[in-house]
Amino acid sequence: MSENFLEAKINRAVLVGLNAACLSADENASEESLDELEALLETAGGQCMGMVLQNKATPDPRTFIGEGKVQEVKELVQAQGADMVIFDNSLSPSQQRALTEDLGVSVMDRSALILDIFAQRAQTKEGRLQVELAQYQYLLPRLIGMWTHLERQEGAIGTRGPGETQLETDRRHIHRKIAKLKEELEQVRRVRATQRVLREKNEVPVVAIVGYTNAGKSTLLNKLTGAGIPANNRLFDTLDTTTRTLEISETCTVLLSDTVGFIRKLPHHLVDAFKATLEELSFADLLLHVIDVSNPRWREQADVVEKLIVELGAEKTPRIDVFNKSDLYEGDILPHGEDIVSISAKSGEGLDNLLAMIGKRVDTGTCRVVLHLPYDKGGILDMLYREVKVESVEYGESIEVVAVCTPKVLGQVEPYIVEGWSRPKESWED
Ligand SMILES: Nc1nc2c(ncn2[C@@H]2O[C@H](COP(=O)(O)OP(=O)(O)OP(=O)(O)O)[C@@H](O)[C@H]2O)c(=O)[nH]1
Ligand SMILES: [Mg+2]
């Protein structure tokens, strides 16, 4: 059973959403969220055979959308020859079961669809582990619902029916699976933590690109670093983090990471599961929040990203809002202000400004230099030992010192520098 779930086949689907006054904005469906669900369906390789948006004061406890609407959806399914129904809202395990029975085709919700896309597309071992963990966590309560239902059907009172035994076996199996996956992920996290310590020693600032799915994050990383990672016009194109070095200026190189895109109603297990990847965010020195300004709903999308940044504990990290796809923007004035920049990752427009802004945020101006000090300037050597990191000292014709200097110290020792530093550029636009 679990194996079936992990290999769900996405085909010809009817999409259904419920807009109920009592549901929060995050839980409600709308025409826009159904359009997004259709894009998700296409990413998963499915085809939309029809859409139904139901307005209702409160969800029906059993069928979520109400008996009458279920009949309507069933007719649509039959008329269109659809083989599944996908709900934009989250369904409880028992609602999912009731709807499967009533509609006579398989029923899933947005979370399951997103999980399926992640399962299809995760590339690295780590990514696959995370998705598998999320899938089992999603499956567990549904499994229980399923067997409880069977038990009731068989009417077994006071005896351990075959269903119950099977449920126990399956539950144990899945609990074991979950424990094992968590252990493996913990291992991955430890390796990451070690890598991070090394990086901190190297004093290389980490800049993470975040943003709504399809905003242009991978295109930006490619343009800046020539990383050559795929950047296609579909949701969740990137599921694994890619990191490249980027030279911001002569005194500053950073590590730039592309991350998985965010989306509204991201299944909670996935947020948890992806923390290992996304935890890069909480250690980043700077976040670039890429926003697709050509999308009429960019404000809403940016809000979703903001919320997830908080959830991931990265709200205190300095941030630059990068308004991308400016080449497609049709309004008069592009958003502007402090820590806001508009660019086109495609054409390269505005990238100079972006680099200058990154530099302003992370470039400490620290620089490794070689100095030749005359023997009567021993006082300078004392100062270097006090103020900066001295890497080596050799006594020859003069005192040769290799030191990693801050801008203030560089100013003081400039006459003795023989290698490794020239005055920083005044501006990025030559
Ligand atoms: N016109 C225009 N298109 C862009 C720009 N930046 C990205 N795109 C296009 O937008 C689509 C999505 O770009 P990606 O870089 O894959 O977006 P992403 O944020 O990495 O998406 P996910 O990995 O799915 O989260 C691609 O078709 C890009 O060619 C831009 O500045 N202008
Ligand atoms: Mg991408």
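Whatever order the structure lists ligands and atoms in, that order sets their numbers, starting from 1.
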Nearest-neighbour protein heavy atom for [atom], which is reported as residue plus atom name and distance:
{"atom": "atom 28 (C) of ligand 1", "value": "Thr219 OG1, 3.7 Å"}
{"atom": "atom 16 (O) of ligand 1", "value": "Ala231 CA, 3.2 Å"}
{"atom": "atom 10 (O) of ligand 1", "value": "Lys325 NZ, 3.0 Å"}
{"atom": "atom 11 (C) of ligand 1", "value": "Asn214 OD1, 3.6 Å"}
{"atom": "atom 25 (O) of ligand 1", "value": "Lys217 NZ, 2.9 Å"}
{"atom": "atom 24 (O) of ligand 1", "value": "Asp237 N, 2.6 Å"}
{"atom": "atom 27 (O) of ligand 1", "value": "Asn233 CB, 3.3 Å"}
{"atom": "atom 3 (N) of ligand 1", "value": "Lys346 CD, 3.6 Å"}

Report task. Using a cut-off of 6.0 Å, state whether more than 12 heavy atoms not belonging to Arg299 lie near its atom CZ. Result ->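 No.
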Report task. Please check if atom CD in Gln412 has more than 12 non-hydrogen atoms from other residues, nucleotides or ligands closer than 6.0 Å. Result ->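 Check passes, neighbour count above 12.
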State, with a plain yes or no, whether a side-chain heavy atom of [X] is found less than 4.5 Å away from one of [Y].
{"X": "Gln96", "Y": "Phe64", "value": "no"}
{"X": "Val293", "Y": "Pro335", "value": "yes"}
{"X": "Leu53", "Y": "Glu31", "value": "yes"}
{"X": "Tyr212", "Y": "Val290", "value": "no"}

Query raised in the report: If you look at every heavy atom in Asn89 and Leu23, which pair is closest and at what distance?
Result: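 That would be ND2-CD1, 4.0 Å.
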Query raised in the report: What pair of heavy atoms forms the shortest contact from Gln120 to Ala44, and how long is it?
Result: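 Taking Gln120 first and Ala44 second, the nearest heavy atoms are NE2-O, 3.1 Å.
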**Report entry** Test salt bridge (Lys or Arg N to Asp or Glu O under 4.0 Å) applied to Glu132 and Lys182, Lys177, Lys180, the passing residue
**Finding:**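 Only one of Lys182, Lys177, Lys180 forms a salt bridge (Lys or Arg N to Asp or Glu O under 4.0 Å) with Glu132, namely Lys177.
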Query raised in the report: Given Ser347, Gly216, Gly211, which has its nearest heavy atom closest to atom 17 (O) of ligand 1?
Result: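 Considering heavy atoms of Ser347, Gly216, Gly211, the nearest to atom 17 (O) of ligand 1 sits in Gly216.
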**Report entry** Candidate with minimal heavy-atom separation from atom 6 (N) of ligand 1, of Asp327, Ile209, Ile263, Asn324
**Finding:**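 Considering heavy atoms of Asp327, Ile209, Ile263, Asn324, the nearest to atom 6 (N) of ligand 1 sits in Asn324.
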For [X], atoms of ligand 1 separated by under 4.0 Å from a heavy atom:
{"X": "Asn232", "value": "12 (C), 16 (O), 26 (C), 27 (O)"}
{"X": "Thr213", "value": "22 (P), 24 (O), 25 (O)"}
{"X": "Gly261", "value": "25 (O)"}
{"X": "Ser344", "value": "30 (C), 31 (O), 32 (N)"}

Backbone or side-chain N or O of [X] under 3.5 Å from ligand 1 N or O:
{"X": "Ser326", "answer": "no"}
{"X": "Ala215", "answer": "yes"}
{"X": "Asp258", "answer": "no"}
{"X": "Ala345", "answer": "yes"}

Requested in this report: Flag the pair Asp258 and Lys217 as a salt bridge only when some basic side-chain nitrogen lies within less than 4.0 angstrom of an acidic carboxylate oxygen.
Outcome: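 No, this pair does not count.
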Requested in this report: Please determine if Asp292 and Lys325 form a salt bridge, counting it only when a charged side-chain N lies under 4.0 Å from a carboxylate O.
Outcome: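 A salt bridge links Asp292 with Lys325.
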Query - Result of checking Val322, Asp321, Leu334 against Ile340 for side chain to side chain contact (heavy atoms under 4.5 Å, CB included) - result: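 Only match with Ile340 under side chain to side chain contact (heavy atoms under 4.5 Å, CB included): Asp321.
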Query raised in the report: What part of Leu328, side chain, backbone, both or neither, has a heavy atom within less than 4.0 angstrom of ligand 1?
Result: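 The answer is the side chain of Leu328.
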Query raised in the report: So does Asn214 have any N/O/S atom less than 2.8 Å away from the Mg ion (ligand 2)?
Result: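 No - counting backbone and side chain alike, Asn214 has no N, O or S atom under 2.8 Å.
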